[in-house]
Asker: 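Dropping a structure here in structure tokens format, bear with me for questions.
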Amino acid sequence: MEARHGPESLSPPQIAAMRRSMTSGRMALTRRSLLRAGGAGAVAVGGLGALGGCGIPPAGRTEADNASDDHSAEEKRLAFSNWTEYMDTGKGGRHPTLDAFQRRTGIKVKYTEDINDNVEFFGKIKPQLAAGQDTGRDLICVTDWLAARMIRLGWIQPLDPAQLPHAYTNLAKPFRTPDWDPGRAHSYPWTGIPAVIAYNKKATGGRKVTSVSQLLDDPKLKGRVGLLTEMRDTVGLTLLDMGKNPETVTADDYDAAIARLQKASDRGQVRRFTGNDYTGDLTKGDIAACMAWAGDLIQLQSDNPEIEFAIPDAGYMTATDNLLVPSKARHKRNAERLIDYFYEPKVAAKIAAYINYVCPVDGVREELAKIDKALADNPLILPDEEMAAKSHSFRSLSSKEEAAFEDKFAKLTGA
């Protein structure tokens, strides 16, 4: 069957971008990638077909179609699908926060680490969602671009704010108003994934690298700069450096950023475009400075004191992984109780201490300091007010825009 490139299918450039992301990009961040390197790529290629090939066309469902009879009261259980190593883990593989929730509420949680990458997981649940059937999951955690797609397709249930008092109150300001889910009507972030600048002090001769302009223009860094294979992060950081806003990027803005990146690449300034495999080159000093993901840097810094990071004055990019309730889920109310539980500061602190990504919960600093003061003071986990104000997200793109943007980025990177 030929691929249908309709409003909700993927073009070849988009599929190529997903492959890059799954094998070495933001979908394969350090803690998770270590545990799923053994075979996720093979399954993921099949999952791509579910998005870009013979997939089921959009069903045009409404929120009324998504709703289901909620069985939370009589069925004290819920099923939660998440990424590997994305939950606090204790002795015997137990998850202390989930155990405490079950004791408090009497709700049994079937917790499954069955999300290896976004594309493969979507391919797994798409047939049921398109057919208006229960996926067997009451709560899932996917990255913002996929969350946006599923909401747009009408495959996610709206959340009841009355059932989410902690989440509604404690959601940190930078995460409150994504353009793909205004007012967080369908989602709450599990964690934030910042893209910033990193450098090896030994490789730079002790000089700080704090801006994209330095990465692209400083002759002393020529041939020793790394840029990311994630379009939204690399172009987004470049747009910010140019005084443009990724939340309102136009086609002309995008082309100007691509032209600037191309000029630096043609000049030999850029060593290569990388996924998270930049970590080895940065540690060795083969890459002196690069764009980098915060989740990598906490571990890198603990292993190598020469590694530093910088938040550009122009701003930085943040993506999110998000909690959602799929259409026809049987236990929406129970899922909402679990979402709200994760937004209690004591609980959120335990999650943040384990996964080391940006915590989207206000009021967590004091609780995290009781666990590990260094983590509580780390702006890569708890951005201070000044840093949070510099956070930006790439605006939602139509399928046509995304295909065009990814095509131009692929030509730049040689992918």
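Remember, predicted model here, so these are calculated numbers, not experimental data. Heavy atoms only: backbone and side chains are in, while hydrogens, waters and symmetry mates are out.
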Asker: Output yes when D217 and K263 qualify as a salt bridge under the 4.0 Å nitrogen-oxygen rule, no when they do not.
Answerer: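 Salt bridge: no.
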Asker: Using 30° and 60° as the class boundaries, would you call the ring planes of F394 and Y254 parallel, tilted or perpendicular?
Answerer: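 Judged by the thresholds at 30° and 60°, the geometry between F394 and Y254 is perpendicular.
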Asker: Would you mind reporting whether N356 and Y354 have side-chain heavy atoms less than 4.5 Å apart?
Answerer: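 No, too far: nothing below the 4.5 Å cut-off.
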Asker: In the structure I gave you, are the side-chain heavy atoms of L338 and L78 within less than 4.5 Å of one another anywhere?
Answerer: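 With C-beta onward as the side chain, the pair touches.
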Asker: State plainly whether the residues K220 and D218 are in salt-bridge range, i.e. N to O under 4.0 Å.
Answerer: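 Looking at K220 and D218, the cut-off is not met.
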Asker: Are W190 and F342 near enough that their ring centres are under 6.0 Å apart?
Answerer: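 They qualify: ring centres under 6.0 Å apart.
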Asker: If we count only N and O atoms by modelled type, under 3.5 Å, do the side chains of S393 and T318 hold a donor and an acceptor together?
Answerer: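 Not at all, the side chains of S393 and T318 share no donor-acceptor pair under 3.5 Å.
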Asker: Taking CG in D313 as the centre, count heavy atoms belonging to other residues, nucleotides or ligands within less than 6.0 Å. Is the count above 12?
Answerer: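 No, not enclosed.
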Asker: With a 6.0 Å cut-off on ring centres, are Y111 and H95 close enough?
Answerer: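 Yes, the ring centres sit under 6.0 Å apart.
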Asker: Check whether any side-chain heavy atom of V249 lies under 4.5 Å from a side-chain heavy atom of K244, and answer yes or no.
Answerer: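 Contact flag for V249/K244 side chains = no.
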Asker: Could you tell me whether R272 and D281 have a side-chain N and a carboxylate O separated by less than 4.0 Å?
Answerer: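 A salt bridge links R272 with D281.
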Asker: Do T229 and T234 come close enough that some side-chain heavy atom pair is under 4.5 Å?
Answerer: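 No, every pair of side-chain atoms sits at 4.5 Å or beyond.
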Asker: Using a 3.5 Å distance criterion without hydrogens, assess whether the side chain of Q269 forms a donor-acceptor pair with backbone atoms of S265.
Answerer: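 No; zero donor-acceptor contacts below 3.5 Å.
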Asker: Determine, for E308 against K202, whether the closest basic-nitrogen to carboxylate-oxygen distance falls under 4.0 angstrom.
Answerer: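 No.
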Asker: State whether a side-chain donor-acceptor pair under 3.5 Å links D296 with T279.
Answerer: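 No, no side-chain donor-acceptor pair sits under 3.5 Å.
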Asker: State, with a plain yes or no, whether a side-chain heavy atom of I307 is found less than 4.5 Å away from one of L282.
Answerer: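 Yes; the side chains approach each other to less than 4.5 Å.
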Asker: Rounded to the nearest 0.5 Å, how far does CD of E336 lie from CD1 of I339?
Answerer: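 If we round to the nearest 0.5 Å, I339:CD1 and E336:CD are 6.5 Å apart.
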Asker: May I ask you to decide if H186's main-chain N or O and D181's side chain share a donor-acceptor pair within less than 3.5 Å?
Answerer: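 A pair under 3.5 Å: yes.
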Asker: With rounding to the nearest 0.5 Å, note down the distance linking CG in L412 to CG in L261.
Answerer: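 Rounded to the nearest 0.5 Å, the CG-CG separation comes to 5.5 Å.
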Asker: Within the 4.5 Å heavy-atom criterion, are N170 and P345 side-chain neighbours or not?
Answerer: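 Yes; the side chains approach each other to less than 4.5 Å.
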Asker: Counting distance only, does the side-chain N/O of T191 pair as donor-acceptor with the main-chain N or O of V358 below 3.5 Å?
Answerer: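 Yes; judged by distance alone, with no hydrogens or angles, the pair exists.
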Asker: If I compare all heavy atoms of A289 with all of L215, which pair ends up nearest, and what's the gap?
Answerer: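 Here A289 and L215 meet closest at CB-CD2, 3.6 Å.
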Asker: Is it true that D252 and T250 share a donor-acceptor pair across their side chains at a distance under 3.5 Å?
Answerer: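 Side chains of T250 and D252: no pair found under 3.5 Å.
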Asker: If you measure from the Lys or Arg side-chain nitrogens to the Asp or Glu carboxylate oxygens, is any gap between D241 and R260 under 4.0 Å?
Answerer: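 Salt bridge present between D241 and R260.
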Asker: Check each of L324, L129, I125 against W155 using the side-chain contact (heavy atoms from CB on, under 4.5 Å) test, and report the only one that passes.
Answerer: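 It is L129, the one option of L324, L129, I125 that forms the side-chain contact (heavy atoms from CB on, under 4.5 Å) with W155.
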Asker: Would you name the heavy atoms of A310 and P312 that are closest together and state the gap between them?
Answerer: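 For A310 versus P312, the nearest heavy atoms are O-CD, 3.5 Å.
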Asker: Locate the shortest heavy-atom distance separating S211 from I197; write the atom from each residue and the value.
Answerer: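 Result for this residue pair: C-CD1, 3.3 Å.
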Asker: Quick one: pull up OH in Y278 and CD1 in I287 and give me the separation to the nearest 0.5 Å.
Answerer: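 Y278 OH to I287 CD1: 9.5 Å, rounded to 0.5 Å.
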Asker: Hey, what do you get for CG (N334) to CG (L139), rounding to the nearest 0.5 Å?
Answerer: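 Interatomic distance, N334 CG to L139 CG, rounded to 0.5 Å: 11.0 Å.
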Asker: Inspect the contact between D362 and K173 and indicate whether a charged nitrogen and a carboxylate oxygen are less than 4.0 angstrom apart.
Answerer: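 Result for this pair is no, no salt bridge flagged.
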Asker: Before you tell me yes or no, could you show the steps for R337 and Q163 under side-chain hydrogen bond (donor to acceptor under 3.5 Å, both in side chains), namely the whole-Å CA-CA distance, both residues' side-chain angles and the distance that decides it to 0.1 Å?
Answerer: CA-CA 7 Å; R337 291 184 72 179; Q163 305 300 334; over 6 Å; no
Asker: Distance-only, no hydrogens or angles: does the N82 side chain make a donor-acceptor pair with backbone N or O of E113 under 3.5 Å?
Answerer: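 No; judged by distance alone, with no hydrogens or angles, the pair does not exist.
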Asker: Work out which heavy atom in A195 is nearest to a heavy atom in L228; give both atom names and the distance.
Answerer: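 Shortest heavy-atom separation between A195 and L228 comes out as CB-CD1, 4.5 Å.
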Asker: Step by step, work out the side-chain contact (heavy atoms from CB on, under 4.5 Å) result for L221 and Y199.
Answerer: CA-CA 11 Å; L221 297 176; Y199 58 98; over 6 Å; no
Asker: Output yes when a side-chain donor or acceptor of Q128 lies under 3.5 Å from a complementary backbone atom of Q133, and no otherwise.
Answerer: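 Not at all, since once roles are kept as given, no pair shorter than 3.5 Å links the two residues.
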Asker: Should the pair R103-D99 be classified as a salt bridge under the 4.0 Å nitrogen-to-oxygen rule?
Answerer: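 No.
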Asker: Pair E306, K284 - check salt bridge (Lys or Arg N to Asp or Glu O under 4.0 Å), show working.
Answerer: CA-CA 10 Å; E306 299 293 339; K284 290 185 292 184; over 6 Å; no
Asker: Taking atom types as modelled, is there a side-chain donor on S302 or Q299 under 3.5 Å from an acceptor on the other?
Answerer: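 There is such a pair between these side chains.
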Asker: Thinking salt bridges, do R104 and E344 make one under a 4.0 Å N-O criterion?
Answerer: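 Yes, R104 and E344 are salt-bridged.
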Asker: Take Y86 and D321 through the side-chain hydrogen bond (donor to acceptor under 3.5 Å, both in side chains) test and state the conclusion after the steps.
Answerer: CA-CA 10 Å; Y86 230 20; D321 283 338; 2.7 Å; yes
Asker: Could you tell me whether the side chain of T248 reaches within less than 4.5 Å of the side chain of R395, counting heavy atoms only?
Answerer: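 No, every pair of side-chain atoms sits at 4.5 Å or beyond.
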Asker: What is the minimum heavy-atom distance between P189 and Y343, and which atoms define it?
Answerer: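 Result for this residue pair: O-OH, 2.6 Å.
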Asker: Output yes when E402 and R232 qualify as a salt bridge under the 4.0 Å nitrogen-oxygen rule, no when they do not.
Answerer: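 Yes, charged N to carboxylate O under 4.0 Å.
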Asker: Would the distance check show the side chain of T143 and the main-chain N or O of W145 forming a donor-acceptor pair, the cut-off being under 3.5 Å?
Answerer: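 No, because the side chain of T143 does not come within donor-acceptor range (under 3.5 Å) of the backbone of W145.
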Asker: Can you tell me how far apart NE2 (H392) and CG (L239) are? Round to the nearest 0.5 Å.
Answerer: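 Rounded to the nearest 0.5 Å, the NE2-CG separation comes to 10.5 Å.
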Asker: Check K408 with D255, please: is the shortest side-chain N to carboxylate O separation under 4.0 Å?
Answerer: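 The answer is yes: the pair qualifies as a salt bridge.
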Asker: Counting N and O atoms only, with roles assigned by atom type, does the side chain of W83 sit under 3.5 Å from a partner on the main chain of C141, one being a donor and the other an acceptor?
Answerer: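 Flag set: sc W83 to bb C141 pair under 3.5 Å.
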Asker: Minimum heavy-atom separation for L380 and A294, please, with both atom names.
Answerer: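 So the two residues come closest at CD2-CB, 3.8 Å.
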Asker: Show the numbers, then the answer: is there a side-chain hydrogen bond (donor to acceptor under 3.5 Å, both in side chains) between D114 and T112?
Answerer: CA-CA 6 Å; D114 62 344; T112 309; 5.2 Å; no
Asker: Do any N or O atoms from the side chain of D277 and from the backbone of G275 form a donor-acceptor pair under 3.5 angstrom?
Answerer: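 Here the side-chain-to-backbone pair exists.
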Asker: How far apart are the C-alpha atoms of R224 and N200, what are their side-chain angles, what is the distance that settles it, and do they pass the side-chain hydrogen bond (donor to acceptor under 3.5 Å, both in side chains) test?
Answerer: CA-CA 11 Å; R224 298 188 297 150; N200 184 317; over 6 Å; no
Asker: Say whether, by atom type as modelled, one donor and one acceptor occur between the side chain of D138 and the main chain of A79 under 3.5 angstrom.
Answerer: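 Yes: the side chain of D138 pairs with the backbone of A79.
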Asker: side-chain contact (heavy atoms from CB on, under 4.5 Å), that's the test. Do Y357 and I381 meet it? Break it down for me.
Answerer: CA-CA 5 Å; Y357 291 107; I381 296 177; over 6 Å; no
Asker: If you count every heavy atom of other residues, nucleotides or ligands that lies below 6.0 Å from E366 atom CD, does the total exceed 12?
Answerer: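 No, the 6.0 Å shell around CD holds no more than 12 heavy atoms from other groups.
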Asker: Please confirm whether the backbone N or O of R207 pairs with a side-chain atom of T204, one donor and one acceptor, at under 3.5 Å?
Answerer: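 At least one qualifying donor-acceptor pair exists.
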Asker: I want to check something: taking the side chain as every heavy atom from C-beta on, are R184 and L171 in contact at a cut-off of under 4.5 Å?
Answerer: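 With C-beta onward as the side chain, the pair touches.
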Asker: What distance separates H331 NE2 from K110 NZ, expressed to the nearest 0.5 Å?
Answerer: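 Here the rounded value is 11.5 Å.
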